[in-house]
Number of protein chains: 2
Amino acid sequence: MSCSQEYTPQLRARGYRMTPQRHAILHVLCHSGKHLTPSEVYAKAQKQVAGLTEATVYRTLEFLAENGLARPSHVGNGRLVYEIANHEHHHIKCRNCGDEMEVEHTLLKSMYQKLESASGYQLTDSHVTFFGLCPDCQKSENV
Amino acid sequence: MSCSQEYTPQLRARGYRMTPQRHAILHVLCHSGKHLTPSEVYAKAQKQVAGLTEATVYRTLEFLAENGLARPSHVGNGRLVYEIANHEHHHIKCRNCGDEMEVEHTLLKSMYQKLESASGYQLTDSHVTFFGLCPDCQKSENV
DNA sequence: TTCCTTATTGCAAAAAGTTGCAATAACATA
DNA sequence: TATGTTATTGCAACTTTTTGCAATAAGGAA
Ligand SMILES: [Mn+2]
Ligand SMILES: [Mn+2]
Ligand SMILES: [Zn+2]
Ligand SMILES: [Zn+2]
């Protein structure tokens with residue numbers, strides 16, 4: 001509720017509207033400390049907004065991502081997941097056991113600058129997932 | 001044909017089999033210098049293997065990726081695309097116009113090492129897509 | 001070459017995600 | 001507060017991707 005209220009002026013300023021559906025979905029994202037699939041978001045938000053449809057959830061998540069309020073993420077299964085955009089970070093995920101950890105953006109900062117000067121691009125997104133083997137899976141060599 | 005033939009022993013060594021379907025799909029990937037969607041792969045491979053189904057294409061692309069012969073990639077629309085795994089590289093893509101360029105892995109190498117020592121993970125995948133604004137789109141400020 | 005094991009495929013149904021369109025409702029304006 | 005504009009939603013049809021299962025065929029062994 002309160003969490004989503006702060007976003008209202010941001011949307012208004014861009015000519016968009018705050019709706020009960022967006023409130024509920026932002027609320028769900030705010031209070032879940034992890035990545036959620038669209039259907040997980042739907043299951044939770046549905047309890048607050050009767051009649052909410054999955055189509056609206058998909059459209060809203062994409063909308064929030066485009067406007068910088070949510071971050072989409074690819075966690076390796078080909079499906080998109082989302083989280084609230086409140087701090088810059090990246091992820092490392094284990095290809096073997098699925099274990100995942102956050103990585104501070106500062107670790108990539110100088111590489112981002114190198115990429116920008118080498119390419120001429122201005123990098124806007126700070127939410128990347130890297131894949132590898134976690135310490136445990138390296139030991140056991142479970143391939 | 002010839003291109004896919006070289007992969008046969010690799011598959012055999014792991015207990016897998018080479019099939020006309022895998023031949024055709026590897027052939028398609030080998031001779032296309034770019035990322036292909038599953039349905040693009042299907043459209044091309046179908047011409048060589050009568051009766052090929054899309055389900056097989058999806059399963060084969062995933063299989064090839066798991067075995068390091070193909071690389072899946074997220075290009076920002078939530079859909080996976082694939083390419084043959086023959087050289088290490090990454091991508092930068094423009095959020096505005098969709099323009100895309102390759103990035104050599106050497107530019108990320110020291111960051112990869114930093115990530116590995118900070119996390120304890122051993123990074124295995126070298127195919128990441130970064131997003132930003134290309135030089136042209138920065139000028140015109142088309143948001 | 002023939003036989004046998006089982007990895008792989010095709011099929012069809014299900015699940016996930018997208019889209020066009022008419023009805024609704026947010027909110028700027030008066 | 002009442003009104004008008006149009007951003008947003010729900011619905012339903014559609015496309016894309018996944019999955020269980022029985023039939024097929026790759027390829028090792030005899
Ligand atoms: Mn995240
Ligand atoms: Mn690539
Ligand atoms: Zn692991
Ligand atoms: Zn651009």
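Numbered from 1 within each chain, the chains take letters A, B, ... in sequence-line order.
Residue B:K114 qualifies as enclosed at atom NZ: its count of foreign heavy atoms under 6.0 Å is above 12.
Put simply, B:Q21 has a side-chain N or O that comes within less than 4.0 Å of OP1 or OP2 on C:dG10.
Salt bridge absent: B:R71 and B:D125 never bring a charged side-chain N and a carboxylate O closer than 4.0 Å.
Rounded to an integer number of Å, the gap from CG of A:L26 to P of D:dT8 is 13 Å. Straight-line distance from the NE2 atom of B:H23 to the C1' atom of C:dT8: 15 Å, rounded to whole Å. For the pair A:R22 CZ and D:dA7 P, the interatomic distance rounds to 11 Å; values are reported in whole Å.
The backbone N or O of A:K93 sits nowhere less than 3.5 Å from a side-chain atom of A:E100 that would complete a donor-acceptor pair.
In summary, the side chains of A:H127 and A:H90 do not present any donor paired with an acceptor at a separation below 3.5 Å, with no hydrogens or angles considered. Donor-acceptor pairing under 3.5 Å is lacking for the side chains of A:Q5 and A:H27.
Remark: A:A55, A:Y58, A:R59 in residues 52-78 of chain A come within less than 4.0 Å of DNA chain C through at least one heavy atom.
Sorted pairs that involve residues 101-113 of chain B and meet salt bridge (Lys or Arg N to Asp or Glu O under 4.0 Å), not counting sequence neighbours, are lacking altogether.
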Inset, instruction - Decide yes or no on side-chain contact (heavy atoms from CB on, under 4.5 Å) for A:M111 and B:Y112, but give the supporting numbers first. - result: CA-CA 10 Å; A:M111 185 274 294; B:Y112 261 58; over 6 Å; no

Inset, instruction - May I have the step-by-step check of side-chain hydrogen bond (donor to acceptor under 3.5 Å, both in side chains) for B:Y7 and B:N67, ending in yes or no? - result: CA-CA 11 Å; B:Y7 296 118; B:N67 287 278; over 6 Å; no

Inset, instruction - List the protein contact pattern of nucleotides 23-30 of chain D with one symbol per nucleotide (5' to 3'): B for base contact, S for sugar-phosphate-only contact, - for none; contact means a heavy-atom distance under 4.0 Å. - result: --BBSS--

